[in-house]
Protein chains: 4
Amino acid sequence: MTEQELLRELLQAGDEQEKMSEKKVKILEAAIEMFSEKGYAATSTSEIARKAGVAEGTIFRHYKTKKDLLMAIVTPVLTRVVAPFLARDFAQKVFEDDYQSYENFIRALIRNRFDFVKKHLPMIKIFLQELAFHPEIKEQYRHIFVEHVYDKFRKIVSHFQQKGEIIELPPETVIRMTITTIVGYLITRFLVLPERDWDDDVEIEHTIQFLMHGLSRRKE
Amino acid sequence: MTEQELLRELLQAGDEQEKMSEKKVKILEAAIEMFSEKGYAATSTSEIARKAGVAEGTIFRHYKTKKDLLMAIVTPVLTRVVAPFLARDFAQKVFEDDYQSYENFIRALIRNRFDFVKKHLPMIKIFLQELAFHPEIKEQYRHIFVEHVYDKFRKIVSHFQQKGEIIELPPETVIRMTITTIVGYLITRFLVLPERDWDDDVEIEHTIQFLMHGLSRRKE
Amino acid sequence: MTEQELLRELLQAGDEQEKMSEKKVKILEAAIEMFSEKGYAATSTSEIARKAGVAEGTIFRHYKTKKDLLMAIVTPVLTRVVAPFLARDFAQKVFEDDYQSYENFIRALIRNRFDFVKKHLPMIKIFLQELAFHPEIKEQYRHIFVEHVYDKFRKIVSHFQQKGEIIELPPETVIRMTITTIVGYLITRFLVLPERDWDDDVEIEHTIQFLMHGLSRRKE
Amino acid sequence: MTEQELLRELLQAGDEQEKMSEKKVKILEAAIEMFSEKGYAATSTSEIARKAGVAEGTIFRHYKTKKDLLMAIVTPVLTRVVAPFLARDFAQKVFEDDYQSYENFIRALIRNRFDFVKKHLPMIKIFLQELAFHPEIKEQYRHIFVEHVYDKFRKIVSHFQQKGEIIELPPETVIRMTITTIVGYLITRFLVLPERDWDDDVEIEHTIQFLMHGLSRRKE
DNA sequence: CATGAATGAGGTTTCATTCAT
DNA sequence: TATGAATGAAACCTCATTCAT
């Protein structure tokens, strides 16, 4: 499947964990859990140590500062959030008609991001929270977004605008609506009302229909 | 204007400030600024005192604990975020055809919420951040939403579904898409890319068109 | 007495303590005692707090950092060590024949410094120890010495060289021998062998004789 | 030369290094550099390990504790500082007229100690600093001084007093003045103003002249 | 012998809160 | 009501030392 290929083409980050010592992994897991539950600033290193089952000093052998520990969590998320766009031949595939329509492209994208959020929810929560308070994270993210995502996304939108499939609004507006709709769904699904009984296939399909109708070229 | 009437019918919160002593207001202002910049947990009471120009102890004369100070900021937001729906005769007006269409209703809503966010951005940032970490806030909000917003909103949606204006999806899905689209716009506008040069009238209109096309009843 | 006038013309530093709160004085006293006994780096702030009878946090209300506490001790010493030379009319007096000879000048100096060291030994120990490790202290001291002491001292030496009382060596060599002899005596007296039974009047007189013979113009 | 013979007759300490493993030497060198720069208490063993290029644990294979490492540096200095006096036949030589005068004896002594300080300055700095804080070091030193130096020195002084070369002050006063003058010169030369452009031969000769005049028998 | 991960006691500093003034 | 000195618990972090490899 194309979506799976996208994921495979992700970045490093995966193998890191394999090289990590057991304690380091425990620390990371504990930190992710605590940070996502109580927030970075409200979580103490002693709490993390306790939950990880290590001495407090051990944390600082692996991460020079508490902030470093945060960054070790957040930096991979930084890229993985926009991972599909980082694949080298990503845009190319779109243009080569791998997904004959914007709808199919969106479908692939939403399914892929759904799986990602489902799998990495705590890390993503931390990322979203701390984005607001750490200018370096924001800056790194902005850099990745502008450099690797926005351009490709704009070309894809233009492509389907030229094919007459979607409306001739400014690409950034189309991008905003697309992202907003997808992210809005995922946040509602996983953060706002996670306990509700969701029929994800149906809901995703409705979301795609909503988005596509919203963006389809108006017929006179 | 209807929208203004809505606002007037808001809750307390407004007059509170008039009864407040000058120092109390200063403290509140300082706390809002600091909490929204650095986050609740990362802001110290001594910082707030310094910024407010009062002694450290004075904060605790007015607010028993730091948490109380947070709640004093967040609680009004809680209701004001969904304020339009709290007006007693709100739904009634909709049904009495004050806004002949879902589109007009949405237009009034988005304009109203736009002004609100613009005016109270820092408080809203605090609210969104801390919602994640304080179950009481979440619970209060859920309560207000379920009690006062969801029901009315569902009735409004049903109303326009019966009038044939909007698509026959489950009302909660329609609500989600509506809210998601509006909130997505406001967040992009005020939090993600506030520094961009926005033509708000145009952008709002595009957003409404997107939403209405996305939700319009499909014609065979 | 001239020596007493010198002392009176000292700098500020004296009245500071009067304005200090009781706790601040206690902290300073405790810190001086501990630093001089165990050294700055080997003394913990918790030890100081215990000895001062205050909470550890109280130290940091009065001194932002442990280093600040050190500087609060060392900075006054910095000037007081060379205090006699800081009197505005000090050199003038020497030239106006207040002390008819280099010998009398030295006698006044050594007596004055003797009293000073006796009174402030712990602070002086701290000063001497930490001078070696804190470039800022060294730099401040060098500044004071070059600016206020060396020049005056050189003029005094030249004065008595011209009067034929002391030998025509380079002034800096004469200064070195004078200081070395005085400081060597004081260090032996108060640091190396403080417990010995000293007849200070006799020892001072011997030291002066030694110095004066060592520096007297050689007769052919 | 007699002075060289003295040195040869020193104690152990010299050959130690030959038996030492390469790593042990590196550790010692690193420790000497760091201790003399930042002080014993302010230097961490991990810093030493880094500078020595060994693992943290390796230090503790060679020295049971950090204190042991300090003692390994300081103990040799302890004896070497007063080394000339430790030669078995040292005093004997003086009396047998190897140095026809106190002046020549002092000249040999000051030259010898000059070379020693020049060569081992960092170790000597450490010794001087830590002397103040470690009673065992002070006690050991006092023991060596009283046992091996003071007695010999006193006899030498008496010898030249009887020969009429130097003044009839209490020997301990003469010793103090001699040591003070020599040490005062060396400290000024190597610690206080090391960066100045010294003409050591001239300065040493002036120092000797100063000392000899200061101590010479007064002529009526 | 050498390593370096792990420890836990203890270091400096911050913080929310109290209370005498 | 307002102050700000005082508190002591707890924050982050460092350190000397140990021990399995």
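Convention: sequence-line order gives letters A, B, ...; per-chain numbering from 1.
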request  = Using a 3.5 Å limit on both pairing distances, list the dot-bracket string of DNA chain F from the 5' end; Watson-Crick and G-U wobble pairs count, crossing pairs take [ ], interstrand pairs take |.
outcome  = .||||||||||||||||||||
Roughly how many Å is it from [atom1] in [X] to [atom2] in [N], rounded to a whole number?
| X | N | atom1 | atom2 | value |
| --- | --- | --- | --- | --- |
| C:Met34 | E:dG11 | CE | C1' | 14 Å |
| B:Lys38 | E:dT14 | NZ | P | 12 Å |
| B:Leu70 | E:dA16 | CG | C1' | 14 Å |
| B:Leu69 | E:dC15 | CG | P | 15 Å |
| C:Ile27 | F:dT7 | CD1 | P | 9 Å |
| A:Lys26 | E:dT7 | NZ | P | 12 Å |
| C:Phe35 | E:dT12 | CZ | C1' | 12 Å |
| C:Lys24 | F:dT7 | NZ | C1' | 18 Å |

Carboxylate-amine/guanidinium contact [X] [Y], below 4.0 Å:
| X | Y | answer |
| --- | --- | --- |
| B:Glu56 | C:Arg61 | yes |
| D:Lys51 | D:Glu29 | no |
| A:Arg142 | A:Glu139 | yes |
| A:Glu136 | A:Lys67 | yes |
| B:Lys38 | B:Glu47 | yes |

ask   = Does C:His62 place a side-chain N or O at less than 4.0 Å from the phosphate oxygens OP1/OP2 of F:dA6?
value =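 Result: yes.
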query = Honestly, is D:Lys24 close enough over D:Tyr63, meaning NZ or CZ under 6.0 Å from the six-membered ring centre and within 45° of the axis?
reply = yes
query = Can you name the nearest heavy-atom pair linking C:Ile126 to C:Phe35, along with the distance?
reply =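 Heavy atoms only, the tightest pair is CD1-CB, 3.5 Å.
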remark   = Nucleotide by nucleotide, nucleotides 15-21 of chain F touches protein heavy atoms under 4.0 Å in the pattern (B base, S sugar-phosphate only, - none) SBBB-B-
ask   = For A:Gly39, does its backbone N or O pair with a side-chain atom of A:Thr43 as donor and acceptor, under 3.5 Å?
value = yes
ask   = Residues two or more places apart in sequence or in another chain: which of them pass ring-ring contact (aromatic ring centres under 6.0 Å, His included) with C:His134?
value = C:Tyr40
